[in-house]
Number of protein chains: 2
Amino acid sequence: MEKKYNILLVEDDASLGYLLSEYLKMKNFDVIWEKNPTKVMGLIQSNRFDLAILDVMMVEMDGFTLAADISKKFSNLPFIFLTARSLKIDVLKGFSLGALDYLKKPIDEEELVVRIFTLLERLNKGTSTDKEKEMFEIGSYRLNSSTQELIFESEMTHLTSRESDLLKYLASHPNTLCHHKNILETIWGNDDYFNRKSLNVFITHLRKYLAKDPSLKIENVHGKGFILKTDLGKNN
Amino acid sequence: MEKKYNILLVEDDASLGYLLSEYLKMKNFDVIWEKNPTKVMGLIQSNRFDLAILDVMMVEMDGFTLAADISKKFSNLPFIFLTARSLKIDVLKGFSLGALDYLKKPIDEEELVVRIFTLLERLNKGTSTDKEKEMFEIGSYRLNSSTQELIFESEMTHLTSRESDLLKYLASHPNTLCHHKNILETIWGNDDYFNRKSLNVFITHLRKYLAKDPSLKIENVHGKGFILKTDLGKNN
DNA sequence: AAATAAGATTAATGAAAAGTTAATAAGATG
DNA sequence: CATCTTATTAACTTTTCATTAATCTTATTT
């Protein structure tokens, strides 16, 4: 159940507009295709969009002026340009207006979708609850955090929930200091004296599990937290 | 005073590499151009970059595998691809690896600069205000104030919290007199006789750590405080 | 130059933090 | 109910690190 993004496509060319909007719908976007650029502001007023795709060359209205209007009134609506003109000056103008991308025709629909999708995912990273990764590569180990299995070569070890959660936490921030405060608050729910003791016990567990790969190390930063180091010995 | 971005350009083609790196430098980016992709991981380890630009087709190593390595070990380093191949499958692969953009040759340098710049500005929008700087360049040393590591030519030393805090303080005011009053109040919390003694001890520690770079010196101004001099020989 | 204060350096101390192993308690499973 | 699993707590050792002390060196003042 992935999130459905709402896209506003402003394109006065009938065939390209049809092609793109159908393709985007096929790819699970909610698309509103508007042929008339003068009606766009009203549309934005009454709908919620995640992204606007604007053609630069339209008969009724210039895509650039439309973009300027949009960013003036709805500054939080991201937009990208689509254009047949690949004049350099236009590209620069497009970006200076605040466009997140500037695509030249002929458009490859598949590429368009990928660009749009990664763009939106990136924009939403902070806000939405980012979907949880479940497989982690940790040196020569692999952790499946949903089955709580830690795999090394052909050996498989079953981790307890705490072990798995902790390793997952560390593995999603490799080579970065993880403050015990944060670890405890996310995994244990709160940070007190006893949970810290508990954390230490599990760090010991994990160190034992990870001992087979000498390039891995869980380091402690006194009074701060722990770091899962994954690249020891390669460059020092 | 605008922020200067550090860019890593990985390009094994001599003429294109030269052209791009010079152009980017002209546009006020700090550029390190690396011809050999196998050396890139080491470079990243010992330098701080805001963005990596990777050529896809290189003789020694595929840009895609390089990107995979980078995002595995340095997941917070954003990267974009540069390529002569405009195969659709490559574009998709590029984005699926986490690239922020995918540019096809022939590259228009001006467009490249605009894309890079808007990208970096967007990335830094969230972080710049509230997040503290954590990497510091101190002569030929680099301090990671978060992991409390001091790096000198692939040698790594662990600093204690006080050492790291103090060095960070001095490094954020290089070649400037830091009054002990201010140092003590920010790091120790208050300025008394004993904390001053303590400060002296830590200054000694730092001097020992920094001894390997003769261009660095922590000088004392009698009765006032300390100065971290980073450009000895320039004025004396 | 003598006296005094400030700084530098090295070492000693002690408290807090981390590491480890084992015991206990609480839940689940059969 | 007996057993197994798992997280927590306990008991204990080791390590880490800021502080303090002790001693020596360098400035500043008179």
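The chains referred to below are lettered A, B, ... by the order of the sequence lines, with proteins before strands, and numbering in each begins at 1. Here the structure is a predicted model, which is why all the values come from computation and not from measurement. The analysis underlying the following values was restricted to heavy atoms, covering all of them including side chains, and did not include hydrogens, waters or symmetry mates.
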Self-check item: Gap between atoms CD and P, on E219(A) and dA18(C) respectively (whole Å)
Solution: 14 Å

Quiz item: In whole angstroms, how far is the P atom of dA15(C) from the CZ atom of R162(B)?
Solution: 17 Å

Quiz item: Which residues pass the side-chain hydrogen bond (donor to acceptor under 3.5 Å, both in side chains) test with N190(A), sequence neighbours left out?
Solution: N195(A)

Quiz item: How would you label the contact of T204(B) with the nucleic acid (heavy atoms, under 4.0 Å): base, sugar-phosphate, or nothing?
Solution: base

Distances for protein N/O vs nucleotides 5-7 of chain C N/O pairs under 3.5 angstrom?
from: dA6(C); atom 1: O4'; to: H222(B); atom 2: NE2; distance (Å): 3.4
from: dG7(C); atom 1: OP1; to: G223(B); atom 2: N; distance (Å): 2.9

Practice problem: Look at the side-chain N and O atoms of K208(B) and state whether any lies under 4.0 Å from the OP1 or OP2 oxygen of dT10(C). | Solution: yes

Self-check item: First and last nucleotide of DNA chain D, 5' to 3', lying under 4.0 Å from heavy atoms of chain B
Solution: dC17(D) to dT28(D)

Self-check item: Between the first and last five pairs of the helix from dA1(C)-dT30(D) to dG30(C)-dC1(D), the angle of the axes, rounded to 10 degrees
Solution: 30°

Self-check item: With E155(A) via salt bridge (charged side-chain N to carboxylate O under 4.0 Å, His left out) - residues at least two apart
Solution: K212(A)

Quiz item: What residues form a salt bridge (charged side-chain N to carboxylate O under 4.0 Å, His left out) with K181(B), not counting sequence neighbours?
Solution: E185(B)

Quiz item: Hey, are K229(B) and E219(B) close enough for a salt bridge, meaning a charged N less than 4.0 Å from a carboxylate O?
Solution: yes

Quiz item: For the residue pair Y169(B) and H173(B), does the interplanar ring angle fall in the parallel (under 30°), tilted (30 to 60°) or perpendicular (over 60°) class?
Solution: tilted

